[in-house]
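Here is the structure we will look at.
Atoms considered below: every heavy atom in the structure, side chains included; atoms not considered: hydrogens, waters and symmetry mates. The structure presented is a predicted model; accordingly, all values stated were derived computationally and were not measured. Each chain gets a letter, A, B and so on, in the order the sequences are listed, and its residues count up from 1.
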Amino acid sequence: MGGEKEQWFGPGETARRVGVTTKALRVYEREGLVVPHRAESRWRLYGSAQIARLHQIIVLRDLGLSLKSIKKLVGDHSRLREILRLQRETLESQEHKIRRAITLIERAQRQLDEGRDLSLGDLENLTKETVMQQSTDNKKFAARFEALIAEQDLTGHASRTFDGIKKEYSADAHKAALTAMMAEASQLKEAGDVNSEAAKEFVRRMRSRTADIRRSTPQAEQEIIRNAYSKAVAEAQARSEPLSFDPAVLEFFRQVAQGMKERGELD
DNA sequence: ATTCTCACA
DNA sequence: TGTGAGAA
């Protein structure tokens, strides 16, 4: 290989070349994403490897990923390809949404230009569009969730268990109760204290409701379902897809329960 | 033009 | 996730 000498750039020059500030460079360094070389003088020096890495980071950041997830991704080319594909699909689907919205607006504008008011029916159609969009988002998540269960589930037991859970919880009485509990849950999560009596009480109540399921479902199946859930959520978030529930709320209660278990407050 | 740390949104 | 100030 030829003796191309490595070119080294200082912080200012590097920042200019990749289009960020020197402050940002130091944030990425602090978070462990790019570690520059150091001159004797302690000045940071960025070579081609560091600059290539910076380009990766900046592309992912512009896609809206957190530095934390970027850290997990850079250097892992298979994951990188996957994320870029997911983001591309998301942007393309947003492109369709925007086109449809423009069409609707143009239609409404024409109607107003012709001196006609928009009827209640027209407005209803506009809202229906968005409602339908939401419900297809939900269905998409549910479908992916189930597909991931099936993937890990060689015996088919977990899928059947999940079907049973789904059936039981789709009863109207349960639906209303679940909605109420999710509302209560997000209040508690906002309060932010994983050790509050209220949060622990809520977890106990939740667990007593689901005790039957936990008792009758083998550990391995529970794990498959949990893993599929995490993965489906992670994928949805990587695509910046809206979810009908807040995963952070469930994560909050996972932490509450974890803490209770560690202190032996839970069986 | 750089280093660091701190407070702040 | 960065920024701006202030000191070296």
Side-chain angles (χ1 to χ4, degrees), chain A residues 4-95 97-98 137 141 182 185-196 199 229-256 258-259:
Chain A
E4 293 282 335
K5 257 188 300 189
E6 178 73 278
Q7 298 243 341
W8 297 99
F9 303 96
E13 172 74 2
T14 306
R16 194 186 55 70
R17 295 172 75 104
V18 301
V20 297
T21 61
T22 56
K23 289 292 201 181
L25 291 182
R26 304 183 63 170
V27 172
Y28 303 151
E29 181 177 350
R30 191 179 70 208
E31 300 305 320
L33 279 89
V34 192
V35 182
H37 285 201
R38 293 297 187 130
E40 301 274 324
S41 59
R42 301 289 300 148
W43 284 25
R44 289 167 174 80
L45 292 176
Y46 295 83
S48 55
Q50 287 81 17
I51 290 178
R53 215 173 145 87
L54 281 170
H55 278 124
Q56 288 191 318
I57 291 163
I58 288 155
V59 166
L60 294 172
R61 183 205 59 184
D62 288 346
L63 290 172
L65 299 203
S66 67
L67 293 187
K68 202 168 164 187
S69 32
I70 293 173
K71 184 174 181 178
K72 288 189 287 198
L73 287 174
V74 286
D76 182 343
H77 282 232
S78 58
R79 288 286 288 151
L80 209 50
R81 292 173 70 87
E82 187 191 348
I83 293 288
L84 290 176
R85 183 178 53 74
L86 290 172
Q87 287 292 350
R88 188 206 167 110
E89 286 169 11
T90 304
L91 290 174
E92 283 169 351
S93 120
Q94 284 170 357
E95 193 179 358
K97 278 189 214 172
I98 290 170
D137 284 343
F141 177 81
M182 277 309 281
S186 66
Q187 297 272 314
L188 289 165
K189 186 242 167 193
E190 282 313 308
D193 183 358
V194 286
N195 291 323
S196 77
Y229 166 81
S230 311
K231 199 163 175 192
V233 168
E235 284 185 4
Q237 288 177 333
R239 303 169 113 113
S240 310
E241 275 171 4
L243 292 170
S244 59
F245 58 93
D246 182 359
V249 170
L250 300 186
E251 171 59 19
F252 175 76
F253 282 100
R254 201 194 56 71
Q255 285 175 20
V256 175
Q258 175 85 29

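- Between A:Leu25 and A:Val34 there is no side-chain heavy-atom pair separated by less than 4.5 Å.
- Between A:Trp8 and A:Pro36, every side-chain heavy-atom pair lies at or beyond the 4.5 Å cut-off.
- Separating the CZ atom of A:Arg16 from the P atom of B:dT2 is a distance of 12 Å, rounded to the nearest angstrom.
- Looking only at side-chain heavy atoms (C-beta outward), A:Lys231 and A:Glu235 come within less than 4.5 Å of each other.
- Ion pairing between A:Arg53 and A:Glu29 fails under the 4.0 Å rule for side-chain N and carboxylate O.
- For the segment residues 46-74 of chain A, the set of residues with a heavy atom within less than 4.0 Å of an atom of DNA chain B is empty.
- For the pair A:Tyr28 and C:dT1, the criterion of a side-chain N or O lying under 4.0 Å from OP1 or OP2 is not met.
- The side-chain heavy atoms of A:Leu250 and A:Arg254, taken from C-beta on, include no pair separated by under 4.5 Å.
- Contact check, A:Thr21 against C:dT3: a side-chain N or O comes under 4.0 Å of OP1 or OP2.
- The list of salt bridge (charged side-chain N to carboxylate O under 4.0 Å, His left out) pairs with a residue in residues 8-23 of chain A, not counting sequence neighbours, reads A:Glu13-A:Arg16, A:Glu13-A:Arg17.
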Inset, instruction - Apply side chain to side chain contact (heavy atoms under 4.5 Å, CB included) to A:Ser48 and A:Gln7, showing your working. - result: CA-CA 7 Å; A:Ser48 55; A:Gln7 298 243 341; over 6 Å; no
Legend entry - Per-nucleotide protein contact string for nucleotides 4-9 of chain B, where B marks a base within reach and S marks sugar-phosphate only (heavy atoms under 4.0 Å, - for neither): BB----
